[in-house]
Amino acid sequence: MAKKKQTVETGSISIHTENIFPIIKKWLYSDKEIFLRELVSNAVDAIHKLQHINLVEGLKIADEYTVQVKIDKEAGTLTIVDNGIGMTADEVRNYINQIAFSSAEEFLEKYKKEESDQQIIGHFGLGFYSAFMVADKVEIKTLSYQKNAKGVHWTCSGSTDYSLEEIDCKARGTEIILHLMSDEKEFLEPDRLREVLVRYCNFLPVSIKLEDDIVNDRNPLWTRSSSEVKDEEYIDFYKKLYPLADKPLFWIHLNIDYPFNLKGIVYFPKLTTEFDVSKSHIKLFCNQVFVSDNCPELIPEFLTPLQGCLDAPDLPLNVSRSYLQNEPQVRKINEVLSGRVASKIADLAKKDKAEFIRIWTDIHPFVKYGCLRDEKFYDKVKDHILFRTTDDSEHTNLEDYLARGKDKHDNIIYYASDEATQATYLKLFKSEGNEVIILDQIIDSHFISFIEMKNNDLKFQRVDADLTQNLVDDDQSTKIVEGSDQKNREEKIRDLFEKCLKENLKKEHLTIRVESLKDTSVSGMILLAEQSRRFQEMARSMGQGKLDLPDEHTMLINLANPVIKNLLSLQNDGRSEDAEVIAEQVYDLAMLSHRGFDRDQMEAFLERSNKILELLGK
Ligand code: ADP
């Protein structure tokens with residue numbers, strides 16, 4: 001170990017692993033700029049320690065505290081200077097020569113186990129020794145705040161040997177001098193340094209000077225009390241963090257000190273097509289030191305789009321991904337965020353409905369996903385879930401929707417999943433004053449099953465699932481033809497379609513239903529039982545099942561439609577074949593308005609259409 005040679009002490013840095021330096025240089029390559037974060041935050045810590053002692057011991061030091069980053073291009077050195085607590089020779093021996101490697105050793109352990117995981121290496125800081133990623137020689141000149149302390153000069157040239165000597169030193173604090181390696185000279189460029197400092201040190205609580213400019217904002221917005229921050233300030237802060245983004249939809253200012261510490265401001269962004277919703281966008285800080293902007297573990301999955309800053313001082317500065325995954329505090333942060341976002345949504349919904357609807361159109365898939373994933377979240381937001389309706393795109397909650405339709409459809413919620421392909425059905429529902437809600441997101445089919453599970457008495461039914469009695473016009477049918485005659489007509493039409501569709505077109509699983517609809521313009525429509533359709537969709541989403549209609553479907557024929565009425569006259573006139581051609585066409589038209597054709601179906605349809613045109617000319 002240490003041996004005295006005149007006034008200069010030399011020795012070996014005490015570590016258990018011999019080959020730390022080659023590894024520092026080689027493997028930390030990708031994230032090597034973090035050396036600056038490590039050294040600047042050590043300097044800030046040293047200042048905090050002195051501020052504390054100053055207060056406790058009443059030293060009456062009235063210095064302006066700063067960390068300075070100085071460039072000497074000629075000498076090829078980068079120097080980080082602080083006027084903090086400083087170190088005595090013994091402290092250098094204890095903290096630099098020995099203890100500093102505790103995290104390095106931990107790193108090596110990990111490195112051995114997870115050799116392939118480059119990610120982990122970048123997230124493992126080595127504290128002071130990360131300086132050796134960019135420097136082949138590092139000097140420390142330091143003077144402790146303690147009375148009668150002597151200046152200390154420590155030098156190490158990237159091996160385990162160091163030297164330590166007493167020097168004359170007037171200014172209290174520490175100077176770390178890095179002799180940069182020849183291929184690391186980029187760190188002598190002010191622009192490059194500024195970029196790194198802004199990235200990692202932008203919100204440090206002590207002034208950081210690069211040459212003569214202060215580069216950081218010492219009091220970021222999240223350190224202030226939310227009661228004294230104005231909306232514009234939140235928006236300005238957001239703009240500073242994300243200069244190209246639109247105005248955020250809402251934000252939450254966190255200021256928690258119990259049962260753990262968490263400060264920060266998170267924003268729900270206005271999503272654009274370029275926004276990557278699968279990637280975490282939160283910046284994690286630890287006492288205002290930037291740690292990472294890739295910590296998906298901290299955020300509930302359904303809130304991945306959240307942006308902004310979280311300052312979690314209880315988490316270690318050098319967090320690794322595997323550390324975060326196993327840390328109970330991370331789960332707590334997750335829960336807090338989910339709870340606070342839910343409360344915020346409830347508040348917004350209560351405060352200003354118009355504004356809430358504007359936000360809702362952007363956030364609803366995430367809210368729905370949150371409901372599916374998190375029971376507590378669901379409980380908080382469930383009364384505020386909105387649905388867009390066909391009535392001039394109004395938004396409604398389920399309670400109001402059901403209240404409005406009470407006499408017509410008790411506890412049944414009609415919905416459309418595609419306004420274009422379900423247009424015929426929507427028209428029919430609308431003509432009878434039935435309100436339909438639009439559920440056109442992928443998440444919606446899961447979400448409605450979930451709502452049904454939570455509310456046993458509620459049923460969602462897609463507009464093509466079935467027709468309610470009130471769309472069927474009993475009065476009108478009796479008006480046209482009385483009693484048994486009506487029955488007779490129904491039978492005849494049914495027989496005709498049975499023959500055409502089941503025998504000719506081989507639609508064995510088809511059910512034929514003949515009704516008189518109030519809307520006479522529709523000749524026929526396809527209905528699918530809600531449950532079997534959902535089942536089929538689910539199978540399809542899991543990669544099974546064919547992309548066709550469920551085998552079982554219903555063809556509803558509208559006896560009140562003129563084309564259908566004509567079929568009977570054609571039959572009476574002995575033109576049964578023509579009637580069959582038209583019946584097949586009616587089926588295809590219903591199919592077309594339901595979901596479109598494949599190639600063969602389209603060919604048959606066009607061929608028959610031409611035939612019908614010919615018939616018209618006869
Ligand atoms: P860590 O900061 O994680 O403890 P470091 O290797 O970065 O590990 O530093 C080791 C120790 O050296 C620090 O805990 C501190 O006591 C001392 N130290 C480092 N830099 C400074 C500095 N600029 N001023 C005073 N003490 C320092």
Side-chain angles (χ1 to χ4, degrees), residues 13-17 20-21 23-24 28 31-54 61 63 65-70 78-108 123-135 138-146 149-156 158 160 162 164 167 169 171-178 200-201 204-209 286-291 313-320 323:
I13 295 163
S14 96
I15 47 165
H16 303 132
T17 316
I20 185 79
F21 284 101
I23 286 172
I24 291 175
L28 293 176
D31 245 1
K32 61 186 180 221
E33 63 188 30
I34 61 151
F35 79 92
L36 200 55
R37 175 191 79 178
E38 298 294 321
L39 298 181
V40 172
S41 51
N42 276 352
V44 170
D45 284 349
I47 287 171
H48 281 324
K49 283 179 196 161
L50 184 66
Q51 284 173 324
H52 182 76
I53 294 169
N54 189 21
I61 300 173
D63 294 11
Y65 293 107
T66 51
V67 175
Q68 283 189 307
V69 178
K70 292 180 176 168
L78 181 69
T79 304
I80 291 104
V81 188
D82 69 69
N83 53 357
I85 190 170
M87 283 180 274
T88 62
D90 274 346
E91 283 167 338
V92 172
R93 286 187 195 101
N94 284 338
Y95 300 145
I96 301 294
N97 290 350
Q98 296 181 25
I99 298 173
F101 273 121
S102 60
S103 72
E105 278 173 11
E106 197 188 327
F107 159 70
L108 275 178
H123 282 273
F124 237 91
L126 290 173
F128 167 74
Y129 278 88
S130 61
F132 287 98
M133 291 194 285
V134 293
V138 178
E139 296 175 67
I140 303 176
K141 289 181 180 168
T142 181
L143 176 66
S144 167
Y145 80 100
Q146 291 173 31
K150 303 258 167 18
V152 178
H153 182 199
W154 178 94
T155 313
C156 175
T160 47
Y162 70 87
L164 188 75
I167 48 161
C169 211
R172 180 207 63 243
T174 303
E175 225 175 275
I176 311 277
I177 303 154
L178 311 183
Y200 292 102
C201 307
L204 280 178
V206 173
S207 302
I208 314 294
K209 274 191 183 164
C286 178
N287 279 323
Q288 297 176 226
V289 185
F290 175 76
V291 176
D314 306 333
L315 290 178
L317 182 54
N318 298 313
V319 285
S320 69
Y323 173 89

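We use all heavy atoms of the structure for the numbers below, so side chains are in, but hydrogens, waters and symmetry mates are not. Everything numeric in this text was worked out from a predicted model, so none of it was measured. Just so you know, ligand 1 is whichever comes first in the structure, and atom 1 is the first atom listed for that ligand.
Ligand 1 has K49 within reach: a non-hydrogen atom of the residue lies less than 4.0 Å from it. Using a non-hydrogen distance threshold of 4.0 Å, M87 registers as a contact of ligand 1.
With values rounded to the nearest 0.5 angstrom, I80 atom CD1 is found 4.5 Å from L39 atom CG. Put simply, OH on Y200 and CD on E38 are 9.5 Å apart, with the number rounded to the nearest 0.5 Å. Rounding to the nearest 0.5 Å places CG of L143 at 11.5 Å from CD1 of I85.
A donor-acceptor pair is defined here as one N or O able to donate and one able to accept, closer than 3.5 Å; no such pair exists between the side chain of T66 and the backbone of I208. Between the side chain of Y129 and the backbone N or O of I96, at least one donor-acceptor pair lies under 3.5 Å.
The part of D82 lying near ligand 1 is the side chain, judged by heavy-atom distances below 4.0 Å.
Close approach of ligand 1 to N42 (heavy-atom distance below 4.0 Å) involves ligand atoms 2 (O), 5 (P), 7 (O), 9 (O), 19 (C), 20 (N). Atoms of ligand 1 found under 4.0 Å from any heavy atom of I96 (numbered from 1 in listed order, with element): 12 (O). For ligand 1, the atoms closer than 4.0 angstrom to any heavy atom of A46 are 22 (C), 24 (N), 25 (C).
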**Message:** Test ring pair (Phe, Tyr, Trp, His ring centres under 6.0 Å) on F128 and W154; report intermediate values, then the result.
**Reply:** CA-CA 13 Å; F128 167 74; W154 178 94; 5.6 Å; yes
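By the 3.5 Å distance cut-off applied to N or O atoms, Y95 is not counted among the residues near ligand 1. The shortest N/O to N/O separation between D45 and ligand 1 does not fall below 3.5 Å.
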